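Ligands are counted one by one from 1 in listed order, and the atoms in each one are counted from 1 as well. All values reported here derive from a predicted model rather than from experimental measurement.
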Amino acid sequence: MDFKGQVVIVTGGARGIGKAICEAFAKRGANIAVVDLMDEEAVKTADELKALGVESISIKCDVSKSEDVKEMFNTVVEKLGGVDILVNNAGITRDTLVLRMKEEEWDAVIDVNLKSAFLCSKEALKLMAKKRFGRIINISSIVAFTGNPGQVNYSASKAALLGLTKTIAKEYASRGITCNAVAPGFITTAMTEALPDNIKEEMLKNIPLRRFGSPEDVANAVVFLASTEAGYITGQVIHVNGGMYM
Ligand code: NAI
């Protein structure tokens with residue numbers, strides 16, 4: 001799979017799964033915009049990508065804010081010349097049981113995990129429709145399918161991303177644009193490291209492949225969906241969960 005000369009935007013690209021996605025594309029020749037709230041980490045990631053011999057820029061942007069997103073796309077077009085692939089990866093959790101959840105916690109998660117994908121896809125689609133080519137990949141989650149106590153906001157946002165994925169897939173198929181989702185299971189990152197060991201051990205018992213996933217496991221599925229080889233796949237979800245949910 002070769003992405004030489006193509007431009008990829010990865011939201012939440014500074015660390016974790018987003019960083020692994022950036023690296024997977026850069027290793028295959030793509031130029032990358034690392035978009036993140038965390039300025040310093042994004043700059044560091046972009047520098048590491050440059051060492052792989054591709055162009056890479058970092059952009060500080062809150063992807064839940066439409067003005068930030070518009071400005072970010074303008075910068076990408078100006079500095080990298082366009083957008084071929086958008087990966088909506090930025091995500092947060094604000095976990096607590098339904099009755100304890102504050103409205104702000106609901107809104108924050110819906111805005112960062114779901115509204116951001118709408119805002120970024122809208123900007124990307126304008127550019128992709130003109131080119132009659134594009135790939136949009138949304139990072140959902142296993143909990144979109146299973147639900148999870150303490151994650152009413154998060155699971156709702158990740159399930160809604162699938163509706164967004166399918167609708168964009170139908171609206172833009174005729175313009176050569178595909179839109180798919182990846183639903184990771186338990187992946188070892190900063191987001192999951194915070195969990196207590198006894199909970200991690202319990203979870204491991206439910207994973208047929210008997211290991212937690214790595215950010216690279218997710219990145220491999222994303223790269224495939226963005227490739228020419230996946231050109232006949234749209235509106236789908238690839239589960240990357242070691243068999244935890246089938
Ligand atoms: P992470 O917390 O390590 O990285 C998320 C990145 O998004 C951070 O760099 C953060 O600064 C950035 N971000 C947060 N809010 C932002 C905003 N408003 N604007 C721009 N950037 C923002 O998380 P991780 O684990 O790498 O997760 C990446 C994606 O994968 C998320 O959407 C998450 O929900 C999803 N996921 C993760 C799983 C896991 O087990 N780690 C499982 C299933 C899904």
Short list, please: which atoms of ligand 1 are under 4.0 Å from a heavy atom of [X]?
| X | answer |
| --- | --- |
| I187 | 39 (C), 40 (O), 41 (N) |
| I92 | 14 (C), 15 (N) |
| Y154 | 33 (C), 34 (O), 35 (C), 36 (N), 43 (C), 44 (C) |
| S141 | 43 (C), 44 (C) |
| V112 | 15 (N), 16 (C), 18 (N) |
| M38 | 9 (O), 11 (O) |

Heavy-atom nearest neighbour of [atom] within options [options]:
| atom | options | result |
| --- | --- | --- |
| atom 19 (N) of ligand 1 | N113, V63, V218 | V63 |
| atom 12 (C) of ligand 1 | D36, D39, I21, D62 | D36 |
| atom 29 (C) of ligand 1 | I17, N89, I142 | N89 |
| atom 44 (C) of ligand 1 | P215, G91, S157, S140 | S140 |
| atom 20 (C) of ligand 1 | C61, G12, A117 | C61 |

Note to self: Between K131 and D84 (salt bridge meaning N to carboxylate O under 4.0 Å), is one present in this structure?
What the structure shows: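 Counted as a salt bridge, because a side-chain N and a carboxylate O are separated by less than 4.0 Å.
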Margin query: Between R94 and D107 (salt bridge meaning N to carboxylate O under 4.0 Å), is one present in this structure?
Written below: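 Judged by the 4.0 Å cut-off on N to carboxylate O distance, R94 and D107 do not form a salt bridge.
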Say whether [X] and [Y], considering side chains only, have a donor N or O and an acceptor N or O under 3.5 Å apart.
| X | Y | value |
| --- | --- | --- |
| N89 | T11 | no |
| S64 | D111 | no |
| Q151 | D95 | yes |
| N88 | S116 | no |

So is [X] touching ligand 1 or not, going by heavy atoms under 4.0 Å?
| X | value |
| --- | --- |
| G185 | yes |
| K158 | yes |
| F212 | no |

Identity and separation of the nearest protein heavy atom to [atom]:
| atom | value |
| --- | --- |
| atom 4 (O) of ligand 1 | R15 NE, 3.6 Å |
| atom 25 (O) of ligand 1 | T189 OG1, 2.6 Å |
| atom 22 (C) of ligand 1 | A90 CB, 3.8 Å |
| atom 21 (N) of ligand 1 | L37 N, 3.3 Å |

Taking the side chain as everything from C-beta on, heavy atoms only, tell me whether [X] gets closer than 4.5 Å to [Y].
| X | Y | result |
| --- | --- | --- |
| I168 | L125 | yes |
| F3 | V223 | yes |
| I136 | T178 | no |

Check: In terms of the angle between their ring planes, are Y245 and H239 parallel, tilted or perpendicular, with boundaries placed at 30° and 60°?
Finding: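 Correct class here is tilted.
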Check: Would the number of heavy atoms belonging to other residues, nucleotides or ligands and lying under 6.0 Å from NZ of K50 be above 12?
Finding: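 For K50, atom NZ is crowded (more than 12 foreign heavy atoms under 6.0 Å).
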Notebook entry, point to check: ligand 1 versus E41, non-hydrogen atoms closer than 4.0 Å: side chain, backbone, both, neither?
Noted result: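 The answer is neither; E41 stays 4.0 Å or more away.
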Next item on the list: Give yes or no for whether the N/O distance cutoff of 3.5 Å, strictly under, is met between S64 and ligand 1.
Entry: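 By distance alone, the answer is no.
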Next item on the list: Check each of T96, V152, I92, T93 against E105 using the side-chain contact (heavy atoms from CB on, under 4.5 Å) test, and report the only one that passes.
Entry: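 Of T96, V152, I92, T93, side-chain contact (heavy atoms from CB on, under 4.5 Å) with E105 is met by T96 alone.
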